[in-house]
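Keep in mind the model is a prediction, meaning the values are calculated, not measured. Just so it is clear: chains get the letters A, B, ... in the order the sequence lines come, proteins before strands, and each one is counted from 1.
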2 protein chains.
Amino acid sequence: MTKLNEYPRPSVTVDIVIFTIAEDDLKVLLVRRGVEPFKGRWALPGGFVEIKESLEQAAARELKEEVGVTNVYLEQLYTFGDPKRDPRGRVISVAYFALIDAERQRIVAASDAADAEWHSVFNPKLGAKLAFDHKEILDYAVWRLRNKIEWTTVGYELLSKKFTLSELQRVYEIILQRPVDKRNFRKKILAQGQIREINETRSDVAHRPARLYSFREK
Amino acid sequence: MTKLNEYPRPSVTVDIVIFTIAEDDLKVLLVRRGVEPFKGRWALPGGFVEIKESLEQAAARELKEEVGVTNVYLEQLYTFGDPKRDPRGRVISVAYFALIDAERQRIVAASDAADAEWHSVFNPKLGAKLAFDHKEILDYAVWRLRNKIEWTTVGYELLSKKFTLSELQRVYEIILQRPVDKRNFRKKILAQGQIREINETRSDVAHRPARLYSFREK
DNA sequence: CCAAAAGTGTTATGCTTACACCCATGC
DNA sequence: GCATGGGTGTAAGCATAACACTTTTGG
């Protein structure tokens, strides 16, 4: 067999764009860098891929280590490999995106990871605060999420197990950043056949209580 | 600055799914492996990413070295990183797909690269002949190409600069593996506004000569 | 009874699909 | 004049978009 060690090898990392919905906004989890390069700037959580784990396992491990959550929606985004993207040397980053639902979000808050914080994705000043090429990665992730919720049912991953149709609609409006027609939305979602009505309502509100639904299989 | 060399590093390669249309069929370029592992099996062209080049540059370089073509349509597909995908050790492969038009196809033929050959993508026995996880990569590339031609104008990349609408339609039929309605196809393509009629016809045929079109900007 | 969000149908519009015949050329 | 692929329009069905009022609850 030919040898593999004739070539200098790059470092390979995974970086994860972790989205959640909070405070009526789309948020991304960022960690403040304590060391150079980009000390003090915000970065996507991530780390080196270990030699015996798959890329997806590496991303799942980082999710567990950095924010304490397991079993979340995780999807490979794109691989960023510009030779100058990390001033320390050649680092290729396989970017993933993850969706954290409302229940797991409490776990993230509780884990109180060092300098991790949720940031609004739509804050126009955020780009300037990011390290490396993480602005580019984040922009790509937002673009992908927007496309994805239009064609798939990935939006459910951002809510609790039980949710109302208005809550789901709000998720779409936040991500797409435009109003959505209530009747057409309900028709479309129900026609997809992916959610079922459960026999409960969200009570204790000062108006007509909403029916709860749940995603088939979660 | 923190050091990068605390972690063992994987090897990183690019593998390229190079498509073309020939003999009324969708073909992929494969090279026969002369060494272990998978000696004698067919593999996607590819090679190691050099330390100072980007991933896209690595893919473009491989295209030039292995098949002699430059300036072709090239798009990152997905990154395959299962730790067992290469028996020699940890090799992460960033897969690309490339589209070779009818003109460049002659260059590929002329380059006569060692053991490179065009194989029909739809040959059901092809999977068994492929090395590594290249069947999986190929399947994913075909899936992506199919989606892509439905939503974008990427199909033009597989034809000569000048082409007839029937030729373009045939490209769609071959890729999608189903018949396409002639009138609806022409309406859809013309409505996209991406091709213009040039004042020529394909003559010397034993029937009414077809008008030639060209893609805007190529 | 007032405030607040939940819930519900119909119509118009545009897009997609199905479909068949005449045209221009070479031989 | 015949064989061959080139070229063209219309109608039906379907999906999407626009739009406003009644219902149920808590206070």
> Look at all strands and tell whether Ser203(B) reaches a base, only sugar-phosphate, or nothing, counting heavy atoms closer than 4.0 Å.
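Ser203(B): no heavy atom of the nucleic acid under 4.0 Å.
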> Over how many whole Å does the gap from Leu176(B) atom CG to dT17(C) atom P extend?
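That distance rounds to 12 Å.
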> With a 4.0 Å cut-off on heavy atoms, is Asp204(B) in touch with a base, just the backbone sugar-phosphate, or nothing at all?
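Here Asp204(B) touches no strand at all.
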> Give Lys188(A) one of three labels, base, sugar-phosphate or nothing, depending on what nucleic acid heavy atoms sit under 4.0 Å from its own.
nothing
> Classify Arg211(B) by what it touches in the nucleic acid, base, sugar-phosphate, or nothing, heavy-atom distance under 4.0 Å.
sugar-phosphate
> So, applying side-chain contact (heavy atoms from CB on, under 4.5 Å) with Trp118(A), which one of Leu30(A), Asp25(A), Val28(A), Ile100(A) is it?
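So, applying the side-chain contact (heavy atoms from CB on, under 4.5 Å) to Trp118(A) and each of Leu30(A), Asp25(A), Val28(A), Ile100(A), only Ile100(A) qualifies.
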> Could you give the CD1-to-P distance, from Ile189(B) to dT17(C), as a whole number of Å?
13 Å
> How many whole angstroms separate atom CZ of Arg208(A) from atom C1' of dC21(D)?
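So the two atoms are 12 Å apart, to the nearest Å.
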> Hey, are the side chains of Lys27(A) and Val121(A) touching, using non-hydrogen atoms and a 4.5 Å cut-off?
no
> Starting from the C-alpha separation in whole Å, work towards a yes-or-no answer on side chain to side chain donor-acceptor pair (under 3.5 Å) for Asp82(B) and Ser54(A).
CA-CA 5 Å; Asp82(B) 188 281; Ser54(A) 72; 5.9 Å; no
> If the cut-off is 4.0 Å, is Ser166(B) near the phosphate of dG6(D), judged by side-chain N/O to OP1 or OP2?
yes
> Any idea which of dT17(C), dG6(D), dT25(C) is nearest the Pro209(B) side chain?
dT25(C)
> Of the candidate nucleotides dT4(D), dA6(C), dA18(D), which contains the atom at the shortest distance from the side chain of Lys187(A)?
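Given the options dT4(D), dA6(C), dA18(D), the side chain of Lys187(A) is closest to dA18(D).
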> How long is the line joining NZ of Lys182(B) and P of dC22(C), in whole Å?
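Distance check: Lys182(B) NZ to dC22(C) P gives 14 Å.
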> How long is the line joining OH of Tyr213(A) and P of dA6(C), in whole Å?
11 Å
> Arg170(A) has an atom CZ; how far is it from atom P of dA6(C), in whole Å?
12 Å
> For Glu150(B), is there an ion pair with Arg146(B) - N to carboxylate O distance below 4.0 angstrom?
no
> If each of Asp181(A) and Arg183(B) is mapped to the nucleotide of DNA chain D with the nearest heavy atom, which maps nearer the 5' terminus, i.e. the 5' end?
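Taking each residue's closest nucleotide, the earlier one in sequence belongs to Arg183(B).
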> Are Phe97(A) and Tyr140(A) close enough that their ring centers fall under 6.0 Å?
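Between Tyr140(A) and Phe97(A), which both carry aromatic rings, the centre distance is not below 6.0 Å.
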> Checking contacts here: which listed nucleotide (dG5(D), dT8(D), dT8(C)) is nearest the side-chain heavy atoms of Arg186(B)?
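That would be dT8(D).
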> Nearest whole angstrom, please: distance from the C1' of dG7(C) to the CG of Leu168(A).
16 Å
> Using a heavy-atom cut-off of 4.0 Å across all strands, would you classify Thr164(B) as base, sugar-phosphate, or nothing?
nothing
> Just the rounded figure in Å: distance from P of dT25(C) to CZ of Arg202(B).
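For the pair Arg202(B) CZ and dT25(C) P, the rounded distance is 16 Å.
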